[in-house]
Number of protein chains: 2
Amino acid sequence: MPTYSDNRPDTSEQDTNLPPPEQHARQYAAVRDAHETELIEDYVELIGDLLDHAGEARATDIAARMGVRQATVARMIRRLNDQGLVTNEPYRSIFLTERGRAMAEESRKRHGVVLQFLRSLGVDDATARIDAEGMEHHVSETTLGIMREFTLKQKGGD
Amino acid sequence: MPTYSDNRPDTSEQDTNLPPPEQHARQYAAVRDAHETELIEDYVELIGDLLDHAGEARATDIAARMGVRQATVARMIRRLNDQGLVTNEPYRSIFLTERGRAMAEESRKRHGVVLQFLRSLGVDDATARIDAEGMEHHVSETTLGIMREFTLKQKGGD
DNA sequence: TGCAAAGTTTAGCCTAGGCTAAAAATGTTT
DNA sequence: AAACATTTTTAGCCTAGGCTAAACTTTGCA
Ligand SMILES: [Mn+2]
Ligand SMILES: [Mn+2]
Ligand SMILES: [Mn+2]
Ligand SMILES: [Mn+2]
């Protein structure tokens with residue numbers, strides 16, 4: 001039985017301790033940061049995918065896949081343009097700039113790592129897709145690397 | 001070498017295919033849904049933690065830990081009150097309703113599962129905390145169950 | 001007890017990201 | 001070519017969630 005002399009640092013189950021306030025705050029700040037860029041990333045990634053698969057990215061298709069109205073897409077396209085991620089002319093389909101392509105590529109890769117990781121954990125495809133769509137924006141490079149490695153090992157060792 | 005006769009369903013590496021538009025839209029809709037509740041959950045969870053650890057939840061402490069201004073907290077508290085999650089009187093600290101306690105407990109558990117899972121994958125504590133803070137809101141029950149199981153196995157089999 | 005510091009609330013500003021409705025442009029069909 | 005359908009854009013409304021500034025209440029200390 002544990003006694004008062006058993007005074008190793010508390011490694012017990014619960015870990016019910018709060019981090020110091022500053023670290024805690026940084027945690028939430030990181031989440032807020034992710035939320036600032038995540039929708040942009042999803043749009044750019046989707047536009048890249050549409051360009052690859054359909055040859056062009058039309059506002060209608062973006063709206064259908066995003067599950068939002070065209071008006072919402074129109075305003076987002078303007079914002080992407082303002083940020084130098086896409087080029088577009090009125091009533092024509094949308095294209096990625098060099099920067100846009102780079103972001104699309106990076107997002108696509110990261111998204112893929114998370115999706116494959118979930119699958120390799122044993123999560124069914126539909127669920128994995130849903131979870132990955134949200135999780136991808138909250139995964140650090142560190143964790144991403146570990147996920148990549150894990151997936152590889154699973155694939156090798158069946 | 002693969003030939004035209006090798007016509008099994010494409011199980012190859014890339015998985016570069018897009019889901020059908022409706023499923024794709026449901027993916028993004030799920031993320032939007034999560035975003036609607038996640039800040040509420042974080043506040044309620046934090047208030048519960050403060051009540052447990054400090055005996056009371058004061059707006060100043062919430063603001064410090066959230067990394068936002070007190071004015072931001074004040075308005076959020078009103079919203080939590082509107083939703084029947086907390087009780088509060090002017091210039092007094094905040095308490096959870098029964099519903100609030102239930103949400104806090106559930107969030108705390110789920111948060112813990114994700115955090116422990118990341119740790120058991122080999123992610124360092126600080127990074128795991130940051131990632132978990134965001135990921136927790138995008139993890140389905142299915143995935144959560146798998147994470148729980150994985151963590152247990154890791155702990156058992158060292 | 002009274003005053004200063006600390007904590008809380010309110011008002012008002014801003015951006016993001018949904019929406020509808022309506023106008024304008026483009027594409028298709030007869 | 002005209003009419004109709006589709007697509008795109010614009011204007012304007014709404015909520016969430018940050019912020020600052022200022023007023024107000026409570027608390028702690030001389
Ligand atoms: Mn993505
Ligand atoms: Mn996403
Ligand atoms: Mn949490
Ligand atoms: Mn969280």
Side-chain angles (χ1 to χ4, degrees), chain A residues 21 24-47 50 54-83 85-95 133-134 137, chain B residues 21 24-47 50 54-83 85-95 133-134 137:
Chain A
H24 209 166
R26 262 178 272 119
Q27 243 168 256
Y28 293 116
V31 175
R32 287 193 295 269
D33 282 357
H35 285 166
E36 257 183 51
T37 51
E38 97 174 57
L39 192 56
I40 298 283
E41 289 170 358
D42 282 341
Y43 267 87
V44 168
E45 186 189 346
L46 174 56
I47 291 169
L50 287 172
E56 63 175 354
R58 311 196 50 174
T60 306
D61 298 329
I62 296 173
R65 288 195 175 265
M66 276 287 166
V68 298
R69 296 300 186 166
Q70 293 201 16
T72 301
V73 170
R75 201 186 18 179
M76 186 62 64
I77 297 304
R78 178 198 299 265
R79 194 137 91 241
L80 296 180
N81 189 311
D82 289 348
Q83 300 197 12
L85 294 165
V86 306
T87 59
N88 65 310
E89 286 159 89
Y91 298 97
R92 294 283 164 244
S93 37
I94 295 106
F95 297 95
E133 191 61 72
H137 311 281
Chain B
H24 210 166
R26 262 179 271 119
Q27 245 169 253
Y28 292 116
V31 175
R32 287 193 296 270
D33 282 357
H35 285 166
E36 258 184 51
T37 52
E38 85 175 78
L39 192 56
I40 299 284
E41 289 170 357
D42 281 341
Y43 268 87
V44 167
E45 186 190 348
L46 175 56
I47 291 168
L50 287 172
E56 61 176 358
R58 311 197 49 175
T60 305
D61 298 328
I62 296 172
R65 288 194 176 266
M66 275 288 168
V68 298
R69 296 298 185 169
Q70 293 200 16
T72 301
V73 170
R75 202 186 19 181
M76 187 60 65
I77 297 305
R78 177 198 300 266
R79 194 138 91 241
L80 296 180
N81 189 312
D82 290 348
Q83 300 197 10
L85 294 166
V86 307
T87 59
N88 65 308
E89 287 158 87
Y91 298 97
R92 295 279 163 245
S93 38
I94 295 106
F95 297 95
E133 191 61 71
H137 311 281

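Every chain is numbered from 1 and lettered A, B, ... according to where its sequence line falls, protein lines coming before strand lines. Heavy-atom basis, side chains included; hydrogens, waters and symmetry copies ignored.
Between the C1' atom of C/dG7 and the CG atom of B/Asn88 lies a distance of 14 Å, rounded to the nearest Å. For the pair B/Gln83 CD and D/dA16 C1', the computed distance is 11 Å after rounding to whole Å. For the pair B/Leu39 CG and C/dA16 P, the computed distance is 18 Å after rounding to whole Å. Between the CD atom of A/Glu56 and the C1' atom of C/dG27 there is a distance of 13 Å, given to the nearest Å. Regarding B/His137, its NE2 atom lies at a distance of 18 Å from the P atom of D/dA16, rounded to whole Å. A straight line from CD1 of A/Ile77 to P of D/dT7 spans 16 Å, rounded to a whole angstrom.
Phosphate proximity of C/dT15 to A/Arg32: absent, as no side-chain N or O sits under 4.0 Å from OP1 or OP2. At C/dG27, one or more side-chain N or O atoms of A/Arg92 fall inside 4.0 Å of OP1 or OP2 (strictly under the cut-off). Look at B/Thr72 and you'll find a side-chain N or O under 4.0 angstrom from OP1 or OP2 of D/dC19. Under 4.0 angstrom from either OP1 or OP2 of C/dA6 there lies no side-chain N or O belonging to B/Thr60. Listed pair A/Arg69 / C/dT20 meets the phosphate criterion, a side-chain N or O lying under 4.0 Å from OP1 or OP2.
Closest to the side chain of B/Gln70, from the set C/dC19, D/dT7, C/dT9, is C/dT9. Nearest to the side-chain atoms of B/Arg58 among the listed nucleotides C/dT10, D/dG18, C/dT8 stands C/dT8. Closest to the side chain of B/Ala74, from the set D/dC19, C/dT10, C/dG18, is C/dT10. Listed nucleotides: D/dT10, C/dT10, D/dG18. Nearest to the side chain of B/Arg78: C/dT10. Nearest to the side chain of A/Ala71, among C/dA11, D/dT26, C/dA21, sits C/dA21.
At least one side-chain heavy atom of A/Arg32 sits less than 4.5 Å from a side-chain heavy atom of B/Val68. For the pair A/Val31 and B/Glu38, the minimum side-chain heavy-atom distance is below 4.5 Å.
As judged by a 4.0 angstrom heavy-atom cut-off over every strand, B/Ala59 is placed among residues touching the sugar-phosphate backbone only.
The shortest heavy-atom contact between A/Ser93 and A/Ala57 is CB-O, 3.0 Å. Residue A/Leu80 comes nearest to A/Val44 through the heavy atom pair CD2-CG2, 4.1 Å, listed as atom of the first residue, atom of the second, then distance.
Atom CZ in A/Arg26 sits 12.0 Å away from atom CZ in B/Arg65 (nearest 0.5 Å).
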